[in-house]
Visitor: 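This structure is in structure tokens; I'll ask about it shortly.
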Amino acid sequence: MKLTIALSKGRIFEETLPLLAAAGIQPAEDPESSRKLVIDTNHEHVKLVIVRASDVPTYVQYGAADLGIAGRDVLIEHGGDGLYQPLDLNIARCKMMVAVSNDFDYEAAVKHGARLKIATKYPQIAREHFARKGVHVDIIKLYGSMELAPLVGLADAIVDLVSTGNTLKANNLQAVEHILDISSRLVVNQAALKLKYSTIQPVLDAFASAVPA
Ligand code: PRT
Ligand code: MG
């Protein structure tokens, strides 16, 4: 039975290679150098489709891919409809943080009940975080380079992913709150899991046994 796995290029693809190898799957090409969006593997029944990180849940939800790998950030924003999430793969780890410019007094602004402008690619996560804290916010949706927003007066703070912290530092920003630990998860189309159980279950088992500590 044919199996399609949706992956994004970059860090998720690289960190997924050892998991695929554990399941006996080796991509025939490197998506970084090839322009192909459908990549064959050594496994005659398995192919990879290369999509934007934030599109992975959509491909799997509609069954265009049977399996996919997506960050917890992306899955929360997507909502997870129609997706079975059996496994935290512990790859592409980072933290969802609130960050502000070094000269912005975040504590004072929060204490005084100021209404904050928050720039983010993650409106769902940001809205929930500030609602829990009882802080009033206006969310400004961006698609990238959130770090710029406080520097040019678009926002008071950003909600973004941080891994080394180098991007914040290079832009005179600092993290002031930790919202969530993020890693990538395996997602499976619920109908495919039933229909292709005998093909999918061994892949799930191999991935589970190869998850990095
Ligand atoms: O790049 P594109 O717009 O196509 O999509 P994407 O940014 O969603 O994809 P990609 O491949 O960059 O990220 C895929 C997944 O990797 C995300 O959904 C996260 O779950 C995870 N991940 C892990 C990260 C990071 N670490 C990370 N550091 N995603 C993004 N970053 C960015 C962050 O947004 C910030 O701009 O890297 C910058 C900070 O890095 P440091 O090391 O300077 O702190
Ligand atoms: Mg990116």
Side-chain angles (χ1 to χ4, degrees), residues 5-20 27 30-39 48-61 64-65 67-81 83 85-102 118-126 128-129 139-152 154-155 157-188 207 211-213:
I5 306 178
L7 295 174
S8 56
K9 283 203 268 193
R11 66 190 109 223
I12 287 185
F13 187 84
E14 276 156 35
E15 295 189 46
T16 297
L17 283 175
L19 301 172
L20 291 172
D30 175 1
E32 298 296 343
S33 49
S34 155
R35 288 174 190 266
K36 283 200 178 162
L37 300 174
V38 180
I39 295 197
L48 309 178
V49 293
I50 306 299
V51 304
R52 275 299 274 274
S54 44
D55 288 335
V56 167
T58 306
Y59 278 81
V60 177
Q61 171 187 10
L67 310 183
I69 295 179
R72 187 180 177 202
D73 48 323
V74 164
L75 290 168
I76 294 173
E77 292 297 326
H78 172 270
D81 261 15
L83 302 177
Q85 299 183 28
L87 198 56
D88 183 345
L89 299 171
N90 209 24
I91 58 169
R93 286 162 53 97
C94 56
K95 292 178 191 304
M96 187 68 73
M97 309 279 269
V98 181
V100 299
S101 160
N102 287 332
I118 310 293
T120 189
K121 194 174 157 184
Y122 310 99
Q124 195 63 34
I125 292 170
E128 269 173 36
H129 173 70
I139 305 281
I140 300 168
K141 163 86 184 182
L142 292 179
Y143 292 87
S145 301
M146 271 77 79
E147 294 89 353
L148 180 62
L151 307 181
V152 294
L154 179 63
I158 62 173
V159 167
D160 195 8
L161 298 173
V162 179
S163 75
T164 61
N166 290 340
T167 308
L168 292 183
K169 205 176 294 169
N171 292 292
N172 301 312
L173 302 172
Q174 56 181 326
V176 288
E177 262 165 12
H178 171 248
I179 303 178
L180 289 169
D181 285 328
I182 303 287
S183 55
S184 287
R185 296 174 176 205
L186 185 66
V187 293
V188 185
F207 277 23
V211 166

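Residue numbers start at 1 and run along the sequence shown. If you're wondering where the values come from, they're calculated on a predicted model, not measured in any experiment. Counting convention: from 1, in listed order, for ligands and their atoms alike.
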Visitor: Do L168 and M97 come within less than 4.5 Å of each other through their side chains, counting heavy atoms only?
Guide: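 Side chain of L168 against side chain of M97, heavy atoms only: no contact under 4.5 Å found.
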Visitor: Could you list the atoms of ligand 1 found under 4.0 angstrom from a heavy atom of G71?
Guide: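 Numbered from 1, ligand 1 contributes 20 (O).
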Visitor: Please report which non-hydrogen protein atom sits nearest to atom 11 (O) of ligand 1, along with the residue it belongs to and the distance in Å to one decimal place.
Guide: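 Protein heavy atom at minimum distance: K9 O, 3.7 Å.
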Visitor: Within the structure provided, determine whether Y122 and I179 are in side-chain contact (heavy-atom separation under 4.5 Å).
Guide: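 No, side chains not in contact.
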Visitor: Taking 4.0 Å as the limit for heavy-atom contacts, which would you say applies to A53 with ligand 1: side chain only, backbone only, both, or neither?
Guide: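 The part of A53 near ligand 1 is the side chain, not the backbone.
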Visitor: May I ask whether S54 places a heavy atom under 4.0 Å from ligand 1?
Guide: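 It does not, in that no heavy atom of S54 comes within the 4.0 Å cut-off of ligand 1.
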Visitor: Would G10 count as a contact residue for ligand 1, given that I'm defining contact as a non-hydrogen atom of the residue lying under 4.0 Å from a ligand atom?
Guide: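 No, G10 has no heavy atoms under 4.0 Å from ligand 1.
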Visitor: For atom 28 (N) of ligand 1, what is the nearest protein heavy atom, given as residue, atom name and distance?
Guide: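 Of the protein heavy atoms, S163 OG, 3.4 Å lies nearest.
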Visitor: Taking only heavy atoms of E147 into account, list the atoms of ligand 1 that are under 4.0 Å away from them.
Guide: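 This gives 35 (C), 36 (O) as the contact atoms.
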Visitor: Judged on heavy-atom distance to atom 3 (O) of ligand 1, which of E15, M97, R72, R52 sits nearest?
Guide: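 Result: the heavy atom closest to atom 3 (O) of ligand 1 is in R52.
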Visitor: Which residue and non-hydrogen atom of the protein lie closest to atom 41 (P) of ligand 1, and at what distance in Å?
Guide: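 Scanning the protein heavy atoms, the shortest distance from atom 41 (P) of ligand 1 goes to T164 OG1, 3.2 Å.
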Visitor: Check whether any side-chain heavy atom of L20 lies under 4.5 Å from a side-chain heavy atom of L7, and answer yes or no.
Guide: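 Of all side-chain heavy-atom pairs linking L7 with L20, at least one is under 4.5 Å.
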Visitor: Which of the numbered atoms in ligand 1 are under 4.0 angstrom from any heavy atom belonging to N166?
Guide: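 Near N166, meaning under 4.0 Å from one of its heavy atoms, ligand 1 has 43 (O), 44 (O).
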Visitor: With backbone taken as N, CA, C and O and side chain as the heavy atoms from C-beta onward, which portion of V74 lies under 4.0 Å from ligand 1: side chain, backbone, both, or neither?
Guide: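 V74 to ligand 1: side-chain contact only, backbone stays beyond 4.0 Å.
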Visitor: Give the contacting part of K121 toward ligand 1: side chain, backbone, both or neither, where contact means a heavy-atom distance below 4.0 Å.
Guide: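 For K121, only side-chain atoms sit under 4.0 Å from ligand 1.
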Visitor: Going by the closest heavy atom to atom 27 (C) of ligand 1, which one wins out of E14, R11, M146?
Guide: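 Answer by nearest heavy atom: R11.
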Visitor: Can you measure from CG (L148) to CE (M146) and round to the nearest 0.5 angstrom?
Guide: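 Rounded to the nearest 0.5 Å, the CG-CE separation comes to 11.5 Å.
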Visitor: Would you say the side chain of L180 lies within less than 4.5 Å of the side chain of I125, judging by non-hydrogen atoms?
Guide: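 Sidechains of L180 and I125: in contact.
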Visitor: Within a distance under 4.0 Å of any heavy atom of V162, pick out the atoms of ligand 1 and give their elements.
Guide: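 Listed by number with element: 44 (O).
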Visitor: Can you find a pair of side-chain heavy atoms, one from T120 and one from I139, that are under 4.5 Å apart?
Guide: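 The answer is yes, as the side chains (C-beta and beyond) meet within the 4.5 Å cut-off.
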Visitor: Measuring only between side-chain heavy atoms, which start at C-beta, is V159 closer than 4.5 Å to H129?
Guide: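 V159 vs H129: side chains apart.
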Visitor: Can you report which non-hydrogen protein atom sits closest to atom 21 (C) of ligand 1, along with the distance?
Guide: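 Ranked first by proximity to atom 21 (C) of ligand 1 is A92 O, 3.7 Å.
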Visitor: Near K141 NZ, under 6.0 Å, is it more than 12 heavy atoms from other residues, nucleotides or ligands?
Guide: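 Yes, enclosed.
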Visitor: When rounded to the nearest 0.5 angstrom, what is the spacing between CG in D181 and CZ in R93?
Guide: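 D181 atom CG to R93 atom CZ measures 6.5 Å (nearest 0.5 Å).
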Visitor: Heavy atom of K169 under 4.0 Å from ligand 1?
Guide: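 The answer is no: ligand 1 sits nowhere under 4.0 Å from a heavy atom of K169.
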Visitor: Between D73 and ligand 1, find which residue part has any heavy-atom pair under 4.0 Å and reply side chain, backbone, both or neither.
Guide: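 Side chain only.
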Visitor: Side chain to side chain contact (heavy atoms under 4.5 Å, CB included) with L83: which of T58, L186, V188, L75?
Guide: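 It is L75, the one option of T58, L186, V188, L75 that forms the side chain to side chain contact (heavy atoms under 4.5 Å, CB included) with L83.
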Visitor: Considering the heavy atoms of D160, write down every atom of ligand 1 situated less than 4.0 Å from one of them.
Guide: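 Atoms satisfying the 4.0 Å criterion: 33 (C), 34 (O), 35 (C), 36 (O).
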Visitor: Using a strict 4.0 Å cut-off to heavy atoms of I182, name the atoms of ligand 1 that fall inside it.
Guide: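 Every atom of ligand 1 under 4.0 Å from some heavy atom of I182: 20 (O).
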Visitor: Find out whether L173 and L151 are in side-chain contact, i.e. whether some heavy atom of one side chain is under 4.5 Å from a heavy atom of the other.
Guide: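 They are in side-chain contact.
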Visitor: Roughly how far, to the nearest 0.5 Å, is CG of L89 from CD of E15?
Guide: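 Answer for the CD-CG pair, E15 versus L89, is 10.0 Å.
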Visitor: Do any non-hydrogen protein atoms sit less than 4.0 Å from atom 16 (O) of ligand 1?
Guide: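 Within 4.0 Å: yes, protein heavy atom nearby.
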Visitor: Starting from atom 33 (C) of ligand 1, locate the nearest protein heavy atom and write down its residue, its atom name and how far away it is, to 0.1 Å.
Guide: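 Ranking protein heavy atoms by distance from atom 33 (C) of ligand 1, first comes L161 O, 3.3 Å.
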Visitor: So how far is it from D81 CG to Q61 CD, rounded to the nearest 0.5 Å?
Guide: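 One finds 5.5 Å between CG of D81 and CD of Q61.
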Visitor: So which heavy atom in the protein is nearest atom 43 (O) of ligand 1, and how far is it from that ligand atom?
Guide: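 Sorting protein heavy atoms by distance from atom 43 (O) of ligand 1 puts T167 OG1, 2.5 Å first.
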Visitor: Taking C-beta and beyond as the side chain, do S8 and R52 meet within less than 4.5 Å on heavy atoms?
Guide: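 SC-SC contact between S8 and R52 ruled out.
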Visitor: Hey, which atoms in ligand 1 end up nearer than 4.0 Å to a heavy atom of I12?
Guide: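 Those qualifying, in numeric order: 14 (C), 15 (C).
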